[in-house]
Amino acid sequence: MTSIPGALGLHHVGIVVDDLDAAMAQYALLGFQDPERFVMESQGIEAVTYRTGAGYVELIHPTDPEGPIARFLAKRGNTVHHMAMRVDDLEGTLARLAADGVRLIDASPRTGAHGWRIAFLHPESCNGVLIELVDDRQ
Ligand code: CO
């Protein structure tokens with residue numbers, strides 16, 4: 001039983017960093033291996049993912065100085081940005097959550113890192129935490 005209908009567990013944790021190279025050096029020191037690094041122009045970010053067990057750690061750095069990640073970084077500094085839950089019916093989960101009165105940021109899925117289909121729930125409905133839903137099946 002999970003709190004989000006259809007959720008299949010934790011998928012990743014997203015962490016905002018001001019210096020991606022420095023953060024990668026730190027994560028290497030912590031033993032994280034095989035980073036996958038890529039730029040996502042549409043979201044104004046550069047990201048690095050590390051697989052860890054069934055899930056991932058996702059480092060996020062803003063490439064758009066006016067974007068939401070840059071604003072988050074200016075306000076909060078290097079810290080956890082969001083947590084993501086794995087789902088296998090993203091549209092259905094979003095519809096059920098909306099029907100239950102959960103505030104959504106994305107009413108319909110968009111494309112995230114690695115081509116994953118993602119959607120965000122509003123922190124107002126999640127005790128102040130930004131929650132992402134991910135369907136990573138290709
Ligand atoms: Co994410």
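Below, all heavy atoms of this structure are taken into account, side chains as well, without hydrogens, waters or symmetry copies. The chain is numbered in sequence order, starting from 1. Just follow the structure's listing: the first ligand is 1, and inside any ligand the first atom is 1.
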Regarding His11 and Glu132, is there a side-chain donor-to-acceptor distance under 3.5 Å anywhere?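 No, no side-chain donor-acceptor contact under 3.5 Å.
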Could you tell me if His81 and Glu58 have a donor-acceptor pair between their side chains, going purely by distance under 3.5 Å?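 Glu58 vs His81: no donor-acceptor pair found between side chains.
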Minimal heavy-atom distance between Pro123 and Ile105, with the atoms involved, is CD-CD1, 4.2 Å
Validation row: Leu133, Leu97 side chains within 4.5 angstrom (heavy atoms): yes
Are side-chain heavy atoms of Phe38 and His114 found at a separation under 4.5 Å? yes
Tell me how many protein N, O or S atoms are within a distance shorter than 2.8 Å of the Co ion (ligand 1).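 The number of such protein atoms is 4.
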Please state whether the rings of Tyr27 and Tyr50 are parallel, tilted or perpendicular, taking 30° and 60° as the class boundaries. parallel
